Amino acid sequence: MTDTAASSVGPLVTGAEIARLAGVTRAAVSNWRRRYDDFPAPAGGASNSPLYALAEVQEWLDKQRKGQEVSPEVELWQALRAVFGEQMIVGLAQVAEVLAGAGTEVPDDIATRVKELVRGETPADLVDGLVERFMDSARRAGSDQVTSERVVRAVRHFAPELSSGATVFDPACGIGVLLLSVAAEAGSHCRGQELDADSARFAQLRADLLERSGVRIVAGDSLRADAWPDLKADLVVCDPPAGVTEWGREELLLDSRWDLGTPSKAEGELAWLQHAYAHTVPGGRVLMVMPASVAYRKAGRRIRAELVRRGIVRQVIALPPGTATSHALPVHLWCLERPESTEGADTYRTVRMVDLTDNGPDEDLEPRPDQVADVPLIELLDDTVDLTPGSHLRPRHRDYPGEYAALRRQLEDRIRRLAALLPELLEGEGPGSLDGATTSVADLARAGLVAYEGQEPVSASEQLDTDYLQGFLRSSANTRRSTSASGTYRFDGKGARIPRMGIDDQRLYGSAFRTLSAFEEGMREVDELSRQLAEVARDGLATGALAPKE
């Protein structure tokens, strides 16, 4: 819940949070704002993301009784889920057909709920609400079935401005989310193809309900059976299937689309990229959502080299972790442009690299100056042809002298503090403590003197000091007892033993063990600082940012 605002009105909430409070979709909340004059006015935020006073919203929901019962939208979704289960796309397509007046037979319960809902909202709003709920459920399930809202936002942000009557194409359009969002203008000519017939049918029906007359979406395998062989688009957008090896390479070895090189079986994403590029007009653009690994995998090096050499790849954007639906790993957005002539590589001599991987997935997509670098083509055409933005961008903006000086100060300070941590230890008087009278941890546990936090034994009595206990358990004698046959160390509550001592002596030993543990932790930090310092020094010397002192 958003409570940043301001103010005398108390906590503020977004439209999405209102939807959760009421158990409806965000589309339904947008519909309430338009339909009801008494809906609370924004109390903060921006015009495109208003915030509302929570108290006013709750009062309005109570008055409308929308927060006290399951909403019709939720009831419809639950009914669809009960009938169609994991085949929800089939259910959504049937609802869309009913709304379009196609006369499809659906269960009476669903048909009744659809008719009830369209009394208060337009068919387009109802379908948009169902799409939103479906995308949310797919996101929670970690599904790649739909393009995430964050990916759509990124593609829209970096897409070029389209002229009136422009043609937009998506060869793997799913339910049409990316295609219809990027080509938001009703005057655009949209073409799409989707392998799953139910998804293609639903995408077309949704476009019809939105009164997008310029949209044509067909079912079929774009790579094996291109339904639009003669289509040339001003913009091609695509979020292709990731990691698919059975994309038809053996059948398509001599295909004319592989102008940049025949993709290997493992590089299906580069097959989709070339398919998209083959459908562009001169000067046309391609925006491809790609797994980060496509930028550096050895198998795709020749194709990446051709993209660079011919001046086709114009920009690569590393999007923030969490942008994709099904995982938290970063994905890239590749921006291509078909040269107006064969001299395109002479026109563009750099590739813009944008690294947003330090940003949050919902932060502003406009990069800071230190997140952008225009890399000369010649620097990319090495043995690896690595198009990962971070590989080229960070060295250009790195403050090597500042980093080196700061890390050196940290290391010197840490070493001084470590020396002070070491306890003063005197020569002992006889045999090792564990050679005298000892007690097993198992006996201590049975007596209620030891408890376990996970696998770590801790004192459960004033008669026993935890640091003393754990210090002796980590001694070499107990380590041998507590090491499994595989060589893995673990605390063993049965075999480990500790010496018998009074509590005052225990605390003396415990204090020494405690400072030794702190020393070990400090040494680990020193090891990491040393590694970072050596790396910065070596790279700084290699790049010329640092120089040896005479």
Side-chain angles (χ1 to χ4, degrees), residues 1 140-142 321-322 327-329 360 406-535:
M1 189 168 294
R140 291 197 304 272
H327 52 74
L329 297 175
L407 286 170
R408 182 171 176 171
R409 285 194 300 271
Q410 289 180 50
L411 182 63
E412 291 170 346
D413 177 65
R414 175 59 66 186
I415 290 173
R416 282 194 298 270
R417 291 163 61 187
L418 277 175
L421 273 177
L422 283 172
E424 291 188 18
L425 302 177
L426 306 175
E427 183 178 353
E429 296 181 353
S433 300
L434 289 175
D435 293 333
T438 61
T439 301
S440 73
V441 176
D443 287 341
L444 292 172
R446 280 192 290 269
L449 302 180
V450 167
Y452 281 84
E453 293 180 357
Q455 292 189 355
E456 291 274 338
V458 297
S459 170
S461 167
E462 293 294 328
Q463 303 176 47
L464 183 64
D465 182 83
T466 291
D467 293 312
Y468 164 82
L469 168 68
Q470 294 186 352
F472 273 104
L473 287 176
R474 291 186 173 93
S475 68
S476 58
N478 274 321
T479 298
R480 285 192 295 272
R481 293 190 184 101
S482 304
T483 301
S484 67
S486 65
T488 301
Y489 175 73
R490 57 182 173 79
F491 284 117
D492 187 344
K494 295 181 179 179
R497 306 187 70 83
I498 63 170
R500 297 176 186 172
M501 286 186 192
I503 188 62
D504 291 336
D505 288 334
Q506 288 182 35
R507 286 170 180 158
L508 281 174
Y509 275 86
S511 176
F513 285 133
R514 187 165 56 249
T515 54
L516 285 174
S517 294
F519 178 80
E520 289 176 323
E521 179 61 29
M523 284 302 299
R524 284 190 285 271
E525 293 178 8
V526 164
D527 182 62
E528 177 60 20
L529 277 172
S530 301
R531 185 194 64 76
Q532 293 178 27
L533 185 61
E535 178 185 297

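Keep in mind the model is a prediction, meaning the values are calculated, not measured.
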Straight-line distance of [X] [atom1] to [Y] [atom2], nearest 0.5 Å:
X: Thr515; Y: Glu424; atom1: OG1; atom2: CD; answer: 10.5 Å
X: Gln506; Y: Asp467; atom1: CD; atom2: CG; answer: 11.0 Å
X: Glu528; Y: Gln410; atom1: CD; atom2: CD; answer: 11.0 Å
X: Leu418; Y: Glu520; atom1: CG; atom2: CD; answer: 11.0 Å
X: Met501; Y: Arg507; atom1: CE; atom2: CZ; answer: 14.0 Å

Would you call [X]-[Y] a salt bridge at under 4.0 Å N-O?
X: Asp413; Y: Arg409; value: no
X: Asp443; Y: Arg446; value: yes
X: Arg531; Y: Glu535; value: yes

Of all heavy-atom pairs between [X] and [Y], which one has the smallest distance, and what is that distance?
X: Ala512; Y: Leu425; result: CB-CD2, 4.3 Å
X: Val450; Y: Leu469; result: CG2-CD2, 4.2 Å
X: Thr466; Y: Ser459; result: OG1-N, 3.0 Å
X: Leu516; Y: Pro423; result: CD2-CD, 4.0 Å
X: Ser440; Y: Arg497; result: CB-NH1, 3.5 Å
X: Ile498; Y: Phe472; result: CG2-CB, 3.9 Å

For Glu462, I'd like to know if atom CD has over 12 heavy atoms of other residues, nucleotides or ligands within 6.0 Å. no

Tell me whether the count of non-hydrogen atoms from other residues, nucleotides or ligands lying under 6.0 Å of CD in Glu412 goes above 12.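 Enclosed.
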
Check whether any side-chain heavy atom of [X] lies under 4.5 Å from a side-chain heavy atom of [Y], and answer yes or no.
X: Ser530; Y: Leu411; answer: yes
X: Glu521; Y: Arg524; answer: yes
X: Gln470; Y: Val458; answer: yes
X: Leu529; Y: Leu407; answer: yes

